[in-house]
Colleague: 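After the structure tokens below, expect a handful of questions from me.
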Amino acid sequence: MTAIEIPALNFAALLPLFIVVGTGLLVVVLDLFIADKKSLGWLSLFGVILAAIVGNMQQGGAGFDPAFQNVSLLDGYANFFNIIFLSTAALSILVALGYLGRVGLHRGEYYALLLFATSGMMAMGMATDLMVVFIGLETMSIALYVMSALNRHSRPSGEAGIKYFLMGSFASAFLLYGMALTYGATGSTNFSDIGSVLTAGTVAPMAMLGLGLLLVGFAFKVAAVPFQWWTPDVYHGAPTAVTTFMSVGAKAAGFATLMRLLMVSFPAFAVDWQLAIAVLAVLTMTLGNVAALAQKDVKRMLAYSSIAHAGYILVGVAAATTEGIKSVLFYLLIYAFMNIGAFAVVGVLEQKEAIGTKLTEYAGLARKNPWLAMVMALFLFSLTGFPPLAGFWGKLYIFRAAVNADLTWLAVVAVINSGVAAFYYLSVIVQMYMKPAADDAPEILPSTPATRIALAVAGLAVVLIGILPASLVDMVAKGVFG
Amino acid sequence: MEIYLFFLFGGIAVVGALAMVFNKNAVHSALFLLLTLVMIAGLYVLLNAQFIAVAQIMVYAGAIVVLILFVVMLLGAELGESIPRWLTLRNSVMVLLALVFLTVSGTAVYDWLYSTQPITGTVTDEVIARQGSVQLVGESLFTQFLLPFELASILLLVGIIGVVVLGGWRLVQHRQRGE
């Protein structure tokens with residue numbers, strides 16, 4: 001029997017991931033001794049920011065070689081997604097610090113789960129091997145299932161948890177089957193090895209089937225139509241702080257892996273998956289927006305709106321060009337700020353037992369709390385895509401990428417959809433600014449400093465990226481792989 | 001010889017799976033699941049993956065089915081709600097789609113099996129006979145797949161924390177009330 005030789009691993013490349021995991025473990029242990037759960041939240045925030053700083057310092061440094069036997073790679077692409085995941089995590093922690101205490105859910109495990117979910121997302125962004133993709137995805141998903149069901153006293157929260165769990169497991173099964181068939185057809189789980197086998201060989205129907213199942217699995221995870229129907233119930237039922245986190249993080253992680261997989265492993269089938277993704281994009285945008293029009297509850301409306309946004313992002317993926325990847329990266333970062341901001345405002349206005357999320361309850365907000373109404377209006381205008389806010393540039397780049405990739409029809413559908421979306425975003429603004437508050441409207445509880453920091457950061461990001469998109473464009477340009 | 005064993009194990013596995021789904025009694029379902037899992041272990045042996053076969057029996061047949069039986073008995077859920085057996089429009093559409101998928105995937109796999117793809121890879125029968133499959137699995141876990149292997153420990157930890165968070169809420173309430 002020969003001894004096993006541990007090969008060179010390149011730990012440095014995964015340092016940001018290890019920092020997040022380490023902070024998570026620290027939070028789990030400290031939770032036993034510390035009664036003040038808020039300090040655990042601040043500790044988690046510190047860990048997340050540290051990971052982001054370390055990740056950025058590594059850029060251009062030695063971290064670029066493939067790590068751990070070529071199963072993961074911290075290239076500019078992964079680093080950009082790390083920035084998205086870490087800013088999502090940081091803002092969500094700030095939102096949670098204010099929200100959880102108010103609804104009586106403040107538990108130390110929450111922050112640990114959030115950090116582990118973030119580490120799963122980071123693993124997905126860096127993955128260049130299907131094994132890492134699957135483990136990262138499951139780490140993220142299982143943490144999110146638990147977080148959705150966190151509020152054990154509320155039926156919607158329990159329903160959200162079980163529904164997300166069942167549908168998510170189903171999606172994972174599809175994904176795993178797709179991975180197994182892909183592995184069977186190509187003999188490898190490595191992205192680029194799969195790519196070279198498929199490019200060299202005759203087109204194997206089995207690999208095509210694998211690709212189809214992988215697409216189904218990822219469509220579930222990013223909530224694309226027709227695999228979306230769990231989304232409204234889960235996003236609506238879960239505690240708002242959790243919805244804030246998963247509506248951005250889980251989607252971004254799904255897109256991170258999906259794009260790398262499609263571009264690196266399946267360029268041989270590009271014509272087929274481009275069409276499939278374009279169809280998904282049209283369905284997702286249209287159904288998300290039309291359904292959002294009918295909603296009477298702002299939290300549920302934003303859930304449908306996040307489905308629609310997944311559709312816009314799919315337009316960028318369907319372009320299948322470097323420009324398309326760039327536009328998706330650009331959009332996802334902007335989407336993170338504006339969507340988290342909007343859900344954070346919903347969280348501030350929400351009282352116990354789902355009071356305060358209905359559209360009519362937003363009436364007269366501008367008079368009662370002008371600052372809150374102003375930032376909410378800012379996020380909603382940005383989600384609509386009004387210039388000069390960040391959301392406008394995000395949509396512009398995606399549509400331009402689609403047009404340049406000869407998908408003008410898709411860009412047209414997306415533009416029409418943005419117009420439809422304006423109706424329901426503006427109806428909230430109309431309620432806030434033009435309708436008087438009902439006499440029995442619930443009192444608005446003051447927001448905590450943590451929430452205010454989150455709203456200020458997200459609001460500033462939306463405005464600054466809107467005025468100066470060039471700096472983000474430069475950043476995105478470094479975020480493209482091979 | 002091998003091909004007959006394949007159809008024997010595979011056939012019983014499929015029958016067991018169907019019986020599991022269609023059985024009303026949850027305990028019987030669990031036992032049929034056990035049958036399917038053991039038959040799949042047999043398939044692994046045919047594939048020269050003895051270690052996976054043993055792990056399959058120990059982990060799935062041994063631990064997981066026992067766990068399922070425990071849960072069924074603790075909840076007293078032996079007899080679940082009866083499943084409608086008639087074919088409604090919805091059911092028949094689902095069955096139809098499943099058959100379409102089965103045909104497509106079956107064709108694709110069949111096509112691949114009988115195409116003249118050379119079988120590649122370093123783990124041949126001869127290597128397995130020389131080294132033993134346990135060492136091969138261990139070696140690939142600690143070299144090629146070290147990162148997923150280590151990340152899986154985080155995954156399991158998340159699972160454990162999840163159980164405590166969702167299952168231990170009464171305990172937390174008691175503690176908060178100072179009991």
Side-chain angles (χ1 to χ4, degrees), chain A residues 1-2 4-7 9 14 17 21 24-25 28 67-72 107 109-110 112-113 116-117 119-120 123 127 129-136 138-140 142-143 145-147 149-150 152-153 158 161 177 181 184-185 187 189 197 201-202 204-210 212-213, chain B residues 47 97 101-123 130-132 134-173 175-176:
Chain A
M1 194 187 276
T2 50
I4 294 176
E5 268 180 52
I6 305 283
L9 295 174
L14 294 175
L17 177 70
V21 170
L25 294 173
V28 172
F68 282 85
Q69 295 296 295
N70 204 10
V71 295
S72 75
R107 301 186 57 178
E109 291 96 344
Y110 180 87
L113 287 171
F116 290 138
S119 70
D129 192 287
L130 291 175
M131 303 288 267
V132 181
V133 169
F134 186 69
I135 301 278
E138 285 304 293
T139 309
M140 174 189 84
I142 289 180
Y145 304 149
V146 177
M147 287 162 78
L150 196 71
R152 287 292 313 263
H153 301 289
Y177 197 14
L181 287 173
T189 53
V197 171
T202 51
M206 198 155 98
M208 189 85 98
L209 190 69
L213 289 169
Chain B
L47 289 169
L97 284 177
F101 177 74
L102 192 67
T103 320
V104 171
S105 51
T107 320
V109 174
Y110 184 86
D111 177 89
W112 183 83
L113 278 179
Y114 288 90
S115 64
T116 47
Q117 301 260 3
I119 293 167
T120 54
T122 50
V123 184
R130 184 155 41 88
Q131 284 197 304
V134 179
Q135 198 194 339
L136 284 169
V137 170
E139 195 170 334
S140 72
L141 274 185
F142 280 98
T143 54
Q144 179 62 44
F145 296 112
L146 183 61
L147 182 68
F149 180 68
E150 294 296 338
L151 286 176
S153 60
I154 300 294
L155 172 60
L156 292 176
L157 181 66
V158 169
I160 295 168
I161 295 175
V163 170
V164 173
V165 167
L166 294 182
W169 62 296
R170 284 181 206 281
L171 203 74
V172 173
Q173 274 183 326
R175 220 187 301 150
Q176 278 170 351

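Below, read A as the first sequence line, B as the second, and so on, with proteins coming before strands; counting in each chain starts at 1. Since this is a predicted model, take the numbers as computed values, not measurements.
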Colleague: Minimum heavy-atom separation for A:S119 and B:I154, please, with both atom names.
Modeller: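 Here A:S119 and B:I154 meet closest at OG-CG2, 4.5 Å.
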Colleague: Select one option (side chain, backbone, both, neither) describing which atoms of A:D129 are under 4.5 Å from chain B's heavy atoms.
Modeller: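 For A:D129, side-chain heavy atoms alone lie under 4.5 Å from chain B.
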Colleague: Which atoms form the tightest heavy-atom contact between A:A149 and B:L166, and what is the distance?
Modeller: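 Result for this residue pair: O-CD2, 3.6 Å.
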Colleague: Within the 4.5 Å heavy-atom criterion, are B:Q144 and A:V71 side-chain neighbours or not?
Modeller: yes
Colleague: Identify which part of B:L147 has an atom lying under 4.5 Å from any heavy atom of chain A, answering side chain, backbone, both or neither.
Modeller: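 Both parts, backbone and side chain.
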Colleague: Using heavy-atom distances under 4.5 Å, tell me whether B:F101 contacts chain A through its side chain, its backbone, both, or neither.
Modeller: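 Side chain of B:F101 only, per the 4.5 Å heavy-atom cut-off to chain A.
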Colleague: Looking only at heavy atoms, which two atoms of A:I135 and B:A152 are closest? And how far apart?
Modeller: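 The answer is CG2-N, 3.7 Å.
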Colleague: I'd like to know which of B:V163, B:L156, B:L146 tops the heavy-atom pair count under 4.5 Å against chain A.
Modeller: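 Highest number of pairs under 4.5 Å: B:L146.
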Colleague: Which answer fits B:L157, side chain, backbone, both or neither, if we ask what part of it has an atom under 4.5 Å from a heavy atom of chain A?
Modeller: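 Contact with chain A: side chain only.
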Colleague: Please name the pair of heavy atoms, one in A:M131 and one in B:P148, separated by the smallest distance, quoted to 0.1 Å.
Modeller: CB-CG, 3.8 Å
Colleague: Please assess B:I161 against A:V28 for the test side-chain contact (heavy atoms from CB on, under 4.5 Å), listing each intermediate value before the final yes or no.
Modeller: CA-CA 9 Å; B:I161 295 175; A:V28 172; 3.7 Å; yes
Colleague: Quick one: which of A:L213, A:L150, A:V133 has the most heavy-atom pairs under 4.5 Å with chain B, could you say?
Modeller: A:L213
Colleague: Need one label for A:L209: side chain, backbone, both or neither, based on atoms under 4.5 Å from any heavy atom in chain B.
Modeller: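 Side chain only.
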Colleague: Which answer fits A:A143, side chain, backbone, both or neither, if we ask what part of it has an atom under 4.5 Å from a heavy atom of chain B?
Modeller: both
Colleague: Please report the closest heavy-atom contact between B:V164 and A:R107, naming both atoms and the distance.
Modeller: O-NH2, 4.4 Å
Colleague: Within a strict 4.5 Å, meaning less than it, do heavy atoms of the B:L151 and A:T139 side chains meet?
Modeller: no
